[in-house]
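In what follows, a single structure is set out as structure tokens and then discussed.
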Amino acid sequence: MTSPETPETLDTLRRVFGYDAFRDGQREIIEHVVAGGDALVLMPTGGGKSLCYQIPALVRKGTGIVVSPLIALMQDQVDALRALGVRAGFLNSTQDFDERRVVEAQFTAGELDLLYLAPERLKLAATVELLDRGDVSLFAIDEAHCVSQWGHDFRPDYLTLSGLHERWPDIPRIALTATATEATRGEIASRLRLEQARHFVASFDRPNIQYRIEPKTDAKRQLLRLLQSEHKGDAGIVYCLSRNSVEKNAAFLTENGIEALPYHAGLDAEIRAANQARFLREDGLVMVATIAFGMGIDKPDVRFVAHLDLPKSVEGYYQETGRAGRDGLPSTAWLAYGLQDVVNLRKMIDGGEGDAAHRRRQAMHLDSMLALCETVECRRVQLLNYFGQPGEPCGNCDTCLTPPETWDATVPAQKVLSTVVRLDRERRQKFGAGHIVDILLGKKNAKVIQFDHDSLKVFGIGTDLRDVEWRGVVRQLLAQGLIAVESDHGTLVLTDESAGVLRGERTVMMRRETERPVAKAAKTAKAAKAQVELPAEAMPIFERLRAWRAATAKEQGVPAYVIFHDATLREIATALPTSLAALGRVNGVGENKLAKYGDQVLETLAAD
């Protein structure tokens, strides 16, 4: 059996991929799979998961079969491997009969190192018979969280993959995902028959990503400020909850000079495909999308991921934000959320599919997301703790850069709860948060007057706080479970925990709603890091290399990162190699790319 510590495997890393050493965790995983063991791998986006099955597939005899749900991205994944000199192919529904026949012939002849398949193809008898005719070195199940039946990326066809072990018991399997709690990991292992597999859990920390969460006032204007002040010309993803919101925000950004494309399931398939292709192939585009977009996106230079609506879970949030900064360079994960987000998601859970146990799980996921939003501690520590890992304050999230104030909000909390009680008991009425706040502020608007609520004893008792502060109080009461939302009408009601607050038996501490100069602090921190990554004198050379790369990628019809990642171009611009041998020592320059692009890179460096 071969070990990654032997010259053959390390030589494959150097020769094919252009790297001198394995990243943390990769060596042990590769060693285990090369030796024929099953593995369940949890590794963050950008952590190098692909190498954990690509290198074993290159070292072991036969073809590695990669099961992936990402049909729209298979061509790009195969193009990237072929650029490295890897013999790769795919079989999916986008191909015609002749194209599939060529790939099948290559597989049975032993002419492929890796073959990508969609999970639904493994249900076809013809595919099973094809695999029996060839020599399979391993099965890699990518995006393994898709087997989690209540996950937002659930794919029913993944449930059939448990049959791989029954049909081919001697072929090692490796299941990989970027996001899973211990419970989800157990579900993956059970559903894929990987109970006896060795589990590898890498650190979930992404130190290059700066996490920032702020109260939502005018989300699209807040987003515009972020992009104009910190991410001008950068590629990024903006996530919205609804299709309508996607369309409106994409149009708004475009009207304000930021080229943005929409992506959601309601768009024509050709438009979706075209927008995705442009995002992958062009520099500096912003994709505004629902969560239907993003899984498997291998674009390394996404500099920011923004959420204009509250994600439903920490897993979803972590996975989506992880699409930023795959190249290890400084990136931003930014979220604006408000009271209405909490109300809407509570209603969606209460009125959603599934049994009571499922709704409880969904509510627990949301509670964890709210705890992350409202924490006064380091965001990164909170994230790592959620996934069962320890962490130290990072110094590079909003709560570290500008520590939030906390205050004793017991009395304001009692005022909100008392208003809900009086409306219910005295008037047999229930209302939403906005109306509760209007009563507390003493606003004599049409609705207040219509229901004679200006005669309530609580009318006008909250003028010591501003509207935005009261909304923050209600939002944080919802986050702490001290008030709830009725699913039918979105009205506020008390919970079992409310009584202790009303009786003065429980103190309620909250974050203070203030204007916090996070952006300035974050920008300074980001600029300092970027300066370390690329000296000022190297910037013109880097831009010249990027221009060459863009022209080459356009000519070949592939994404720019297939040629070289930004991180590789930065190293070239800093090191200024003058020979092919020196260029070959740069990380990310393997044998095939050196032979294919080496002379062009040296000519670009030599140009005035």
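All values reported here derive from a predicted model rather than from experimental measurement. Below, each value reflects all heavy atoms present in this structure, side chains not excepted, and no hydrogens, waters or symmetry copies. For the single chain, residues carry numbers from 1 onward in sequence order.
- Aromatic ring centres of Y318 and Y386 lie farther apart than the 6.0 Å criterion allows.
- The pair D76-R281 meets the salt-bridge criterion, since a charged nitrogen lies less than 4.0 angstrom from a carboxylate oxygen.
- Inspection of the Q210 and R212 side chains reveals an N or O donor paired with an N or O acceptor under 3.5 Å.
- A salt bridge links E187 with R191: at least one charged nitrogen is closer than 4.0 Å to a carboxylate oxygen.
- A donor atom on one side chain and an acceptor atom on the other are not found under 3.5 Å apart for H145 and T184.
- Aromatic rings of Y263 and F293 (six-membered ring for Trp) have centroids within the 6.0 Å cut-off, being under it.
- Under a cutoff of 6.0 Å and an axis angle of 45°, K299 and F279 form a cation-pi pair.
- Taking the centre and axis of the six-membered ring of F542, the NZ or CZ atom of R570 falls inside the cone set by 45° and 6.0 Å.
- Using modelled atom types, one finds no donor on one side chain facing an acceptor on the other under 3.5 Å when comparing T604 with R544.
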Show your working on salt bridge (charged side-chain N to carboxylate O under 4.0 Å, His left out) between R100 and D98 and close with a plain yes or no. CA-CA 5 Å; R100 289 196 299 272; D98 289 335; over 6 Å; no

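- Taking the six-membered ring for Trp and the full ring otherwise, the centers of F304 and W334 sit at least 6.0 Å from each other.
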Going through the distances and angles, do D566 and R549 end up as a salt bridge (charged side-chain N to carboxylate O under 4.0 Å, His left out)? CA-CA 10 Å; D566 268 5; R549 181 185 64 179; 2.8 Å; yes

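- A 6.0 Å sphere centred on CG of D24 holds no more than 12 heavy atoms belonging to other residues, nucleotides or ligands.
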